[in-house]
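Here's the structure, in structure tokens; my notes come after.
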Amino acid sequence: MPDLTKKTEPVTGPRVPAAPASLAVEPDKGVGSLGGTVGKPRSLWSDAWYDLRRNPLFVFSAVIIALLMVMVAWPGLFTSASPRYGDLTNHYLQEPELTHFFAPEWLGYDGQGRSIYARVVYGARASVLVGVSVTLLVTVFGGLVGMLAGYFGGILDSLLSRVIDTFAGIPFLLGAMVVLSVFDVRTVWIVTLALAFLGWTQVARVARGSVISVKGADYVQAARALGAGTRRILLRHVLPNAVAPVIVVATIALGGYIAAEATLSYLGIGLSEPTVSWGGDVSRGKDQLRNAPFVLLSPAVMVSITVLAFIMLGDAVRNALDPKLR
């Protein structure tokens, strides 16, 4: 039997050089993918904001939308001309003076002697206000209906789903035309309510599917097992984790609502005078399309730029919030 009390000589070998101090890692910190230390884990929203700030598509669309919002809130900063004042004697279909930047004659005058540039500036208020208001209404109402249907399921889900299918089966623009034809004077709020009345179904469907995928998560089951009430579970656990797809759909749809308002105004069933809107100016400009196309061109370009900006913003938000697209 070997003598276990005998002292064993240590085994010596080549010395391994110590790691440089720049590569040493502290026990309580890790190394990130970019070589920096990793602190507190970031949430979905902080990750999304991190990606959005580095997305040129988001920056470009956000700048355009910010300018539009300033134009909506303070149109007097962009022009001192009145959008309703017309001078047929001196300015009937006067051609644009493209070198006179931001002057009343910059984009020319329409068939009633009114400054097209002033009407483009003031027309942003009605068009954007309709789009934003409709988006807020359909997001709140459609999100609530979808959340209730997806969380409770059963008979309530079947009933609300049939209601959603019924409204979704109504053609959006045709239904809005029928509703708006009842009113002699169509203000911003009447048009907003008419569009929201028929446009909430897409948000409701997305919210329902998102809530169904979230309500079976472990943290929801744990909250329920700990005795959390339905209201607390919905507001603290389900809603924050199911709202991302709804935000994406609502952002993209906002541009569609602006286009819908312009379409209805072009058809003569949207905003009525004296409200200044891009769609109404496009409708009146079609009569001078052959001899003065600039009357129609300016408001039409503004509608296209605005719709495109919100669609690009929605695409950027979707790419940032969807982990599959990272």
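Because the structure is a prediction, the values reported are computed rather than measured.
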Does [X] reach the main-chain N or O of [Y] with its side chain, forming a donor-acceptor pair under 3.5 Å?
{"X": "S265", "Y": "A262", "value": "no"}
{"X": "K215", "Y": "G150", "value": "yes"}
{"X": "S80", "Y": "G76", "value": "no"}
{"X": "R119", "Y": "S115", "value": "no"}
{"X": "S133", "Y": "L129", "value": "yes"}
{"X": "S213", "Y": "S210", "value": "yes"}
{"X": "T79", "Y": "P75", "value": "no"}

If we only count heavy atoms from C-beta on, is the [X] to [Y] side-chain gap below 4.5 Å?
{"X": "F102", "Y": "F78", "answer": "no"}
{"X": "F294", "Y": "I116", "answer": "yes"}
{"X": "R114", "Y": "Y85", "answer": "no"}
{"X": "R54", "Y": "Y50", "answer": "yes"}
{"X": "V295", "Y": "D281", "answer": "no"}
{"X": "M312", "Y": "N55", "answer": "no"}
{"X": "F310", "Y": "I64", "answer": "no"}
{"X": "I258", "Y": "V130", "answer": "no"}

Give, for atom [atom1] of [X] and atom [atom2] of [Y], the distance between the pair rounded to the nearest 0.5 Å.
{"X": "L156", "Y": "S161", "atom1": "CG", "atom2": "OG", "answer": "8.5 Å"}
{"X": "L271", "Y": "E261", "atom1": "CG", "atom2": "CD", "answer": "4.5 Å"}
{"X": "I65", "Y": "F58", "atom1": "CD1", "atom2": "CZ", "answer": "8.5 Å"}
{"X": "I155", "Y": "L159", "atom1": "CD1", "atom2": "CG", "answer": "9.0 Å"}
{"X": "W200", "Y": "I164", "atom1": "CH2", "atom2": "CD1", "answer": "5.0 Å"}
{"X": "Y122", "Y": "S127", "atom1": "OH", "atom2": "OG", "answer": "15.0 Å"}

Linking I/L/V/M/F/W/Y whenever any side-chain heavy atoms sit under 4.5 Å apart, do [X] and [Y] land together?
{"X": "L264", "Y": "V178", "answer": "no"}
{"X": "L137", "Y": "V246", "answer": "no"}
{"X": "M69", "Y": "L77", "answer": "yes"}
{"X": "V248", "Y": "V140", "answer": "no"}
{"X": "M177", "Y": "F172", "answer": "yes"}

Ignoring hydrogens, what is the shortest heavy-atom contact between [X] and [Y]? Give both atom names and the distance.
{"X": "G270", "Y": "V191", "value": "C-CG2, 4.2 Å"}
{"X": "G142", "Y": "V203", "value": "C-CG1, 4.1 Å"}
{"X": "P240", "Y": "L235", "value": "CD-O, 3.4 Å"}
{"X": "A242", "Y": "P245", "value": "O-CD, 3.5 Å"}
{"X": "W278", "Y": "P299", "value": "O-CB, 3.8 Å"}
{"X": "L198", "Y": "A176", "value": "CD1-N, 3.3 Å"}

Taking the ring centre of each residue, are F197 and F167 less than 6.0 Å apart?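 Between F167 and F197, which both carry aromatic rings, the centre distance is below 6.0 Å.
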Start with the C-alpha gap between F183 and I269, add the side-chain angles, then the distance that decides, and say whether side-chain contact (heavy atoms from CB on, under 4.5 Å) holds. CA-CA 9 Å; F183 301 93; I269 201 68; over 6 Å; no
Y109 and H91 aromatic ring geometry - parallel, tilted or perpendicular at 30°/60° bounds: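 Parallel, since the angle between the ring planes stays under 30°.
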Step by step, would you call R205 with D165 a side-chain contact (heavy atoms from CB on, under 4.5 Å)? CA-CA 9 Å; R205 285 176 169 174; D165 294 339; 2.9 Å; yes
Please collect all side chain to side chain donor-acceptor pair (under 3.5 Å) contacts where either partner lies in residues 177-195, sequence neighbours excluded, each pair once.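 Matches after skipping sequence neighbours: none remain.
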Restricting to pairs with a member in residues 224-235, which pass side chain to side chain donor-acceptor pair (under 3.5 Å), not counting sequence neighbours? Y151-R224, Q221-R224
Where do L296 and Q288 land on the side-chain contact (heavy atoms from CB on, under 4.5 Å) test, with the steps shown first? CA-CA 8 Å; L296 179 146; Q288 289 88 27; over 6 Å; no
Under the side-chain contact (heavy atoms from CB on, under 4.5 Å) test, which residues partner T251, sequence neighbours left out?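 Expected list: I247, L313.
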Is it true that E273 and R84 have a side-chain N and a carboxylate O under 4.0 angstrom from each other? no
NZ/NE/NH1/NH2 to OD/OE distance under 4.0 Å, D157 and R208: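 Result for this pair is yes, salt bridge flagged.
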Counting only heavy atoms not in F60 (residues, nucleotides, ligands), do more than 12 fall under 6.0 Å from its CZ?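 Atom CZ in F60 is not crowded, with 12 or fewer foreign heavy atoms closer than 6.0 Å.
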Please check if atom CG in N291 has more than 12 non-hydrogen atoms from other residues, nucleotides or ligands closer than 6.0 Å. yes
Would you kindly check if the NZ (Lys) or CZ (Arg) of K286 is within the cone defined by 45 degrees around the ring axis of Y266 and under 6.0 Å from the six-membered ring centre? yes
